[in-house]
Amino acid sequence: VLATDQDIGENGRVTYSIKPGRGKAKKFRIDPDTGVIYAARTFEIDTEYDLLVRAEDHGVPKRSQQARVVVAVVGVPLESENAPVVKTGDQHVEVTESDAPGYLVTLIQASDADGEQVWYDIVGGDERNEFYIGRDNGNVLLAKYLDWERQREYNITISVSDGVHIVYTQLYVSVIDINDHRPEFTESVYRVDISENIEEGMEVLQLHATDEDEDKKLFYSLHAARDPVSLKLFRVDSVTGSIVMAHRLDRETLAEHVLIVIVKDQGTPAKRNYATVIITVHDHNDHAPEFTTKIVQGKVYETAAVGTQVVQVYAIDRDIGDNAAIGYKIASGNIGNVFAIDASMGVISVAKQLDISTLSEYMLQVKATDGGKPPLSSQIPVHIMISMADNAPPRFISEDPAAEIYENQPIGTFVIHLEARSTSSLLFQLIGGNVGDMFFINPSTGVITTKDLLDYEHNKFYNLTVRATNMASASATCSVVINVLDKNDNVPYFEQQVYWGEVSEAAPIGSLVLTLSEVLPPNESGSNAGSNGLKGNYNHHVNASLPLVIRAKDDDSGLNALLHYDILDMLPRRYFHIDSSTGAIKTIMFLDHEKIPFFSFHVKVTDLGKPRLTSELTAEVRINITDVNDCAPTFTQSEYNVTLLLPTYANVAVLQVNATDEDSSENSTLRYDIIEGNRDGVFAIDATSGIITTRDVESIGPSYRLAVRVSDGKFAKVAQVNVNVETSENSGLIFQRPTYEGSIMENSTKISTVAVVNVLGSTLNEHIEFSILNPTDMFQIGLTSGAIQTTGRKFDREVRDNYELIVEARSQQPDREKPRVAHVIVNVTILDINDNCPMFVNLPYYAVVSVDDPRGSVITKVHALDLDSFENGEVRYEMKRGHGELFKVDRKTGEVTLKQTLEGHNRDYELLISAYDGGITPCSTDVTVHVKVIDKSMPVFSKQFYSDTVAENIELHSPLSVAIQAESPLGRKLIYSIVKGNEMEEFAVDFNTGKSCQALR
């Protein structure tokens, strides 16, 4: 079904519905937008249905119309030999925009050779449902108004079916445009700003309009204006819409033009539209300032104060804004700049003190300039006369007189002559600044002379105040600056007599010598170095950032105070150069600490005055040449030979190699090692002393060629050590005992005899020498007596409790090729004294005990160790302070137990437990045990003390390595929190798990 509504918008939008009645609405449904009725159920052939279809718009109020629709149900053949044939073929039709809905577009005709009913449907190309086709007759009607501006061509696909076969045909619809749109300006109001000096024929504005119709040719024209004058000044190009200037503008006549422009199309009838054009004319600087008079005259007294107003000039400008903003300035004639003018007000005032003797009248040229671009200006002459008042005070001819005079000039030397102008005679007086009464002024002439000898170093200038008074008692003052010139009358002098410096021997040529921040004098035994470079021993600290600068002063000034430095000694001048003007010292030759470790020389200073003066005393400069590791160590022998007699023992000294280094001790720390020939590791060498000792005597061979290296960390040298191993013959010498025993008390520094060894089998007067083969600095043996003594060094039993000394007795008789040798072992035991107190371990001690724990329960255990031995190292425990009625400690084990239950004692306790050793005078140590009493409802930490260490640059939110764990005896959920010690909130704890992490840095 198809219904039309002449309204537009929502008022013209139609919705379809089937009016319900006796189940008809359930058998059919209708598209609410297109009006197409569809079957909702199956039907019986040869039945009819009467439907009442309602069409309703969406206006307010809604309007509707009903139509009766008869639906006849016909049978569809099951078979058909022939398909329908479209008689009209593909059609091309034209429809205008103004054709109303219901307009017959065309008729689709088809036939079926079988004589069957054919059905027509639109199946494509009509997405907006703008067309309608009769299903049984093929009439194509307009369902809606078409819009050429929205769609100009339609390709509609129509299907024709006999119930079995379907064929298709195309309907091409062209929409013809009609003049249904008014042209539209792009803007309803155009605004443009132009200058009044725009040339004739120049474009002011480009109008733009659009038309949605097909014929888009538009014509523009000027319709009206607020002021009729505007219609003569502008014209509009009818085709392009360009507004151009017809005549020159004058802002002073009319500052704003309001035009009404019209645009129309070529339709029939033509449609038109209007727009407003507002043209604002901006001022152009086309008027120069104009003075109100032709010349300005003024008069001012010579005594007029600075700032006194003399005359005012005034000009006007017919422009506006900046073009009319006038600024005044004096263009010429202002000799000496004695006058000033206010740039905005044009007021001319006195800028400097006037002097009629200099000029009695001024002819100024004042220029008035506006603020336009470019600016316009005009000038006016201003004539100003200077006159002198009868009662005017004296005037000094020179405003700021000054003079110079050398120091030490004779008394009465002329300085300066002051002159003043007055109508009567004058009296000159010095009224201020004459410090020390050094100057005199003649009261009649104004001549100033010296009254005493001047000293530049005492006072460099004087600022005198002179007053001149006339006969009418009127006075004037002026300041006289007298600069005292320096003469070279002071010798330079050094700030200090001795300068200390330091420079490395590796410093390149041209390096500055550095200062020493602190210097200690040389040792008394060391020979001080002079200019010949002798060695000295000095302790100092280096300030490496400051160069050594020799400083002197001269109380003179200018060239008289410029100083020149020289080194006096010949040898240092070959190595060092002093900057003649700054006093900085630098090297000019390579230095060698091993040849000359120290320089001492003298420096003199001379000024550059005339005559040149030299310091009475010279400065001494002392420079240490610091050593660098530039010399290799050398062995005292290139090859060492030694014989080792068997049997021997471990740690027996075989030989000591020695090496020296020419570098200083800081750079010559020598280290020794065996790098070759030490088969099976038989020998060892002390890296510091160079003593070669035996190590594995069981694997010793007949001979060894050891390569021993010495190194200072940078350079190294190697020496050959030949060890010849021989078996000693049965010499007949034997010690009186197979072994010797001795003991010494620890911590003793008293030199005492440990043991005396004796040999048997010696002949009368046979010379036997004793020695300790395994070197130690704790013991020494008499060369011929065999008495073994301590050296006075303190023993510590806790470090070492036993020493095994290998003592050799040796006799070299002239008639024997080999010496007679015997060996014995001396065991020295270090006896203990009670010099160590017990030390508690596993600190700190925290214990948690429940109120339900029975009597005798062990709550914790303390443990202490004592490094002493025997009774001195035995530890016992006592409770020194605490709650003895509740707790006790086992004397031997250190276990802390309950003496009774703690029901009703819900609190924290601190027990002070002491550990004593078993010495004659016992030594003790105290420890505090923290006990916390809890009940069943309180959670218990697995440990009472947790510790961890973190780096200061740890990342934020990094977890700590500790795992804080607790449990509830009642199985309740636990919440963890930090309650103390985290005031800066640097740590956080997970309230569920107890994991700690760093929150802040």
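Positions are given from 1, in the same order as the sequence printed here.
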Please assess D317 against H287 for the test side-chain hydrogen bond (donor to acceptor under 3.5 Å, both in side chains), listing each intermediate value before the final yes or no. CA-CA 6 Å; D317 193 311; H287 295 89; 5.4 Å; no
Stepwise side chain to side chain contact (heavy atoms under 4.5 Å, CB included) test for T276 and I260: CA-CA 5 Å; T276 302; I260 305 299; 3.7 Å; yes
Apply side chain to side chain contact (heavy atoms under 4.5 Å, CB included) to the pair F428 and S444, showing each step before the final yes or no. CA-CA 6 Å; F428 294 93; S444 300; over 6 Å; no
I would like to know whether F494 and V603 meet side chain to side chain contact (heavy atoms under 4.5 Å, CB included); could you show each step before the answer? CA-CA 10 Å; F494 287 100; V603 173; 4.2 Å; yes
Evaluation steps, side chain to side chain contact (heavy atoms under 4.5 Å, CB included), between T413 and T449: CA-CA 5 Å; T413 301; T449 57; over 6 Å; no
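Shown here is M471, whose CE atom has no more than 12 heavy atoms of other residues, nucleotides or ligands within 6.0 Å. Residue-environment remark: OH (Y406) stays at or below the threshold of 12 foreign heavy atoms within 6.0 Å. More than 12 heavy atoms of other residues, nucleotides or ligands lie within 6.0 Å of CZ in R612, so this atom counts as buried by the packing criterion. In the displayed structure, Q497 atom CD is contacted under 6.0 Å by more than 12 heavy atoms of other residues, nucleotides or ligands. M570 CE: 12 or fewer foreign heavy atoms inside a 6.0 Å radius. Shown here is Y493, whose OH atom has more than 12 heavy atoms of other residues, nucleotides or ligands within 6.0 Å. Within a 6.0 Å radius of OH in Y314, other residues, nucleotides and ligands contribute 12 heavy atoms or fewer. Enclosure of atom CG in N483 by more than 12 non-hydrogen atoms of other residues, nucleotides or ligands within 6.0 angstrom is indicated.
Separation of atoms OG1 (T253) and CG (D227) is listed at 10.5 Å; rounding is to 0.5 Å. Put simply, NE2 on H284 and CD1 on I198 are 12.0 Å apart, with the number rounded to the nearest 0.5 Å. Rounding to the nearest 0.5 angstrom, the gap separating the CD1 atom in I416 from the CD1 atom in I441 is 9.5 Å. The distance from atom CD of E407 to atom CG of D486, rounded to the nearest 0.5 Å, is 5.0 Å. One distance of note links CG of N442 with NE2 of H417; it measures 8.5 Å at 0.5 Å rounding. With values rounded to the nearest 0.5 angstrom, K232 atom NZ is found 13.5 Å from L222 atom CG.
Here the closest heavy-atom approach between residue Q206 and residue G241 is recorded as NE2-C, 3.6 Å. Here the shortest heavy-atom pairing between A468 and L426 reads CB-CD1, 4.5 Å. For A368 against I326, the heavy-atom pair with the smallest separation is CB-CG2, 3.8 Å. The shortest non-hydrogen separation linking Y328 to S344 is CE1-O, 3.6 Å. Contact between L376 and D286 at its shortest, heavy atoms only, is CD1-C, 4.1 Å. Residues R251 and I320 come closest through the heavy atom pair NH2-CG2, 3.2 Å.
Between R622 and the choices Y499, F601, W500, the side-chain contact (heavy atoms from CB on, under 4.5 Å) rule is met once, by W500. Here the options are T614, N488, N490, the test is side-chain hydrogen bond (donor to acceptor under 3.5 Å, both in side chains), and the partner is D607; only N488 passes.
At a cut-off of 3.5 Å, with distance as the only test, a side-chain donor of S557 or Y456 sits close to an acceptor on the other residue. At a cut-off of 3.5 Å, with distance as the only test, a side-chain donor of S600 or E620 sits close to an acceptor on the other residue. Side chains of E196 and H282: a donor-acceptor N/O pair is absent below 3.5 angstrom, by distance only. Between the side chains of D370 and N285, at least one donor N or O lies within less than 3.5 Å of an accepting N or O. Using modelled atom types and a 3.5 Å distance limit, the side chains of S242 and E203 yield a donor-acceptor pair. Between S230 and H257, the side chains place a donor N or O and an acceptor N or O closer than 3.5 Å (distance only, hydrogens not considered).
When atom types are taken as modelled, the side chain of S615 and the backbone of L617 share a donor-acceptor pair closer than 3.5 angstrom. Using a distance-only test at 3.5 Å, with no hydrogens or angles considered, a donor-acceptor pair links the side chain of D569 to the main chain of H602. Looking at D455, its side chain never comes within 3.5 Å of a backbone N or O of N459 through a donor-acceptor pair. With hydrogens and angles ignored, the 3.5 Å screen pairs a side-chain donor or acceptor of D237 with a backbone N or O of T240. With hydrogens and angles disregarded, no donor-acceptor distance shorter than 3.5 Å links the side chain of S238 to the backbone of F219.
R248 meets the salt bridge (charged side-chain N to carboxylate O under 4.0 Å, His left out) test with E199; sequence neighbours excluded. Evaluation of the salt bridge (charged side-chain N to carboxylate O under 4.0 Å, His left out) rule for D437 yields K451 as partners, not counting sequence neighbours. Among residues two or more places apart in sequence or in another chain, the ring-ring contact (aromatic ring centres under 6.0 Å, His included) test is passed with Y575 by F599.
By the 30° and 60° cut-offs, the orientation of the rings of F439 relative to Y462 is perpendicular. Between F339 and Y362, the two ring planes are perpendicular [angle over 60°; tilted spans 30° to 60°].
In this structure, F185 has its ring center at least 6.0 angstrom away from the ring center of H208.
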